[in-house]
Structures are given as C-alpha cells and as structure tokens.
There are 2 protein chains.
Amino acid sequence: MSLRIALLGLLTAYGSASGYDLAKGFERSVAHVWQAGHSQIYPELAKMTADGLVTVEAEGARGRKIYSITSEGRAELRAWLIGHDPTGPARSEVALQAFLLPLLDPGEALDVLERLKAYVEQKLAELEAMWAAKHALPVPEGASGVKFGDLALDLGIRQTRTTLEWANDAMAQLERQA
Amino acid sequence: MSLRIALLGLLTAYGSASGYDLAKGFERSVAHVWQAGHSQIYPELAKMTADGLVTVEAEGARGRKIYSITSEGRAELRAWLIGHDPTGPARSEVALQAFLLPLLDPGEALDVLERLKAYVEQKLAELEAMWAAKHALPVPEGASGVKFGDLALDLGIRQTRTTLEWANDAMAQLERQA
DNA sequence: GTGGTCATGTAACAGGTTACATGATTAC
DNA sequence: GTAATCATGTAACCTGTTACATGACCAC
C-alpha cells in the first residue's frame, strides 16, 4: 500500500511525471523515508492505471509515458493520510545488532559501534546538507510556511542525531568496562 | 537473514527453547527491535536445522521440539554481529506520512499529528515500563555490566522520545499557521 | 559509430502476513 | 466435557530485491 501512496504523493508534488522521473524522485527527495526501484515502480503504475488512480496523460519520446493523478487517486491519497494508523511493525537491523551486542566481548562490541557511528555520521551529514540546500534559497512569494518534505527531513535529522548520541553513550559505557 | 540472526540470538540467551517459546520471546523481549510470527519461525527453524545451525535437542510433550544452537550457529551469529554493515534501507510509514502532511490543510494535519502523538506516547510508556521492570531487581552477582537487550531498549526509548518531541514541535509550527 | 543515459519492462527469488488446519494437554 | 492454551505446521498472497533484457536517443 505505502508504495502506492508514495507514488501518488510524488505525482501530486510533480503535477505529472513518467515512471522514470518517479524512480529518480525516490532517489532524491523521498530516499530517507521510502525507497523503491524501477522494477517495482513500473508494474505498480500499471496496476494503479487499471484501478483508475492515475492515467497516462501523454506518451513522449523513447516510449516515455507521462502519468498524472486522477481525482480518485487524490481521494485515495487523502483518505490514507487522514485515516492511516501508523501501527507499522518496528524492524530495525541496527537495533537488532544493538540488542545482541552484549554477546560479543567489550572490545569487539566497541569496533562494531565505531563502524556504526561512522555510518550514522555520514548519513547525518547528507541529511543536513539536504536541509541546507533546501533553505539556502529564499522562500518564494505565496509559498506556504512549511515546505514540502521539510517535516520528514527534520524528523530524519533528529532521529539520526539521537542514534549518534546513543552510539557515543554506549561506547563510553563499554569503555568503562573494557 | 536477520530473522535467522534474531533466532540464533534468542537461542543463545535462552540456552534452549522450542519454536513456541521463541515466538513468545519475539512478542516479549525483541518486539521493539524485530518481529516474526510463528508461521515464519517454524519453517525457518527447519531450514536452520538442515543447515546445521541449530539441532533438535529433545522432543517434549505435545510434539514440542526443543532446539539448541550448534557451534556452527554460534559462529554464524558472531560473524554477523562483527561483520554486518547496517546499510539497511530506511522505510518508515510515519516518516512517509510526515513527508506528505503538507498536502492536507493545517487543521487536518494537526488531527493526524494528534493521533500520532497519542500512539507514540503509549509506546514510550510501554518501553519505559519495560526498562523499569528490568531494573527494579538488583543486578545478580557476577553479571556483566550491561544487561542483555538494554542497549537496544535504551535506543528505542531515545528514538521514541525524539519522535514525540518532533510531533510537538511540528504541531506548534502548524498551529502558528492555522 | 560507439558509449552514456533515457526509458521501460519481465522473471526469479527472498522475506513477511494472513488465514487455514490440526491435535494434545490442562484447568474448571 | 468443554474451553483455553500449548504446539506445530501449510498455503495463498503481497512486497521487495537482483538480475536479465531491450531499444531509443544524444554527444562526441
């Protein structure tokens, strides 16, 4: 379901786009929130067309199909946004690794945390660069106060920072033991 | 892969256990980190037995099969813990909803955040209760400094708190606009 | 012309969820 | 005896990943 929603959302933001554009859109704007490759996107767009949520507005060069959202699609997106309860199953490889870390001896566990920290630091830098890039330009006239995607980016940055703080504290704790 | 690792980890912690016990273990200790139903666990244990990572140590009443980890299994678990890079694809329904929230008007968006906040508060209460329960008892003699699963629980609590703070700030921001 | 990137698709597989199905044991 | 819970399994389905495959167009 969520893939559909993400596609409808992007299509709303873009006005209209091809499957290829949407795949690029996933790499850029939504990558930290949701991911999908083209092999998942193309069949899904076909199904969504069959279900009347999107339509092929035009066909361009190189077989390019330009999709746009229908009013049914807009309704579906709206219903999900308003009605969806995020009971989403928590599944985190990082947390699983953290859970099992005490099975290693402190020195080894420190190495693992060190690598994790490096990874998280890099990710944080990427997200902060994204934020900076988005906010470098002045807000255009008539734009709404909250920019599209900003709330999610803020959440991502905060959570990444929290993970980093946790890793530092966990390392300090292990060092006291080692 | 991660399901295997989680099962090997629980089996290490428990010494030995049946599929049923492991399913219960998922509901309790690891639920905030990883999840799996019995319909996934039983076939996986069968495959792991075929691969030599676990063995059926004994068969009890009601067809109960008691598994224990083999040295091969311990090696696999260790290798994963030491060598696994957490490049895990980020996929979060909450973040997706946050991303698309500006598509609603501020009043509706506030309602969604209100519901999310209630959910997150409840989850935080559960995790904190778990922490309190674990730390109510004095640390047994000879136990290592960090209790099994504590690092992950700490991470979970911190991230849940961060999400809550974010929701509050996002609501305040939307209220200014409404 | 040839290498890159645009653009779409399919197929095989791995991981996960929901529903179906069955029987043994225990508590009342 | 009957309801709850222990205990295991299978089947259908959905989602997601990796790999394969193909052709159009553009820049050099």
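Residues meeting the ring-ring contact (aromatic ring centres under 6.0 Å, His included) test with B/Tyr42, sequence neighbours left out: B/His38. Every residue was checked against the side-chain hydrogen bond (donor to acceptor under 3.5 Å, both in side chains) condition with B/Arg62, not counting sequence neighbours, and none meets it. B/Phe99 pairs by the ring-ring contact (aromatic ring centres under 6.0 Å, His included) definition with A/Phe148, not counting sequence neighbours.
A salt bridge between A/Asp154 and A/Arg158 is present, with a side-chain N of the basic residue lying under 4.0 Å from a carboxylate O of the acidic one.
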Under 3.5 Å, which N/O atoms of the protein pair with N/O atoms of nucleotides 18-26 of chain C?
from	atom 1	to	atom 2	distance (Å)
C/dT18	O4	B/Ser39	OG	2.6

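Just one of A/Phe26, A/Tyr67, A/Trp34 meets the side-chain contact (heavy atoms from CB on, under 4.5 Å) condition when paired with A/Leu7; it is A/Phe26.
Atom NZ in B/Lys65 sits about 14 Å away from atom P in D/dA7, given to the nearest Å.
The side chain of B/Tyr42 approaches D/dA7 more closely than any other nucleotide in the set D/dA7, C/dG16, C/dG9. Across D/dA7, C/dT17, C/dT8, the shortest atom-to-atom separation from the side chain of A/Arg91 is found for C/dT17.
Note on the helix from C/dG1-D/dC28 to C/dC28-D/dG1: angle between the axes of the first and last five pairs equals 10°, rounded to 10 degrees.
Heavy atoms of B/Arg4 sit nowhere under 4.0 angstrom from any nucleic acid atom.
A heavy atom lying under 4.0 Å from DNA chain C marks none of the residues of residues 11-26 of chain B.
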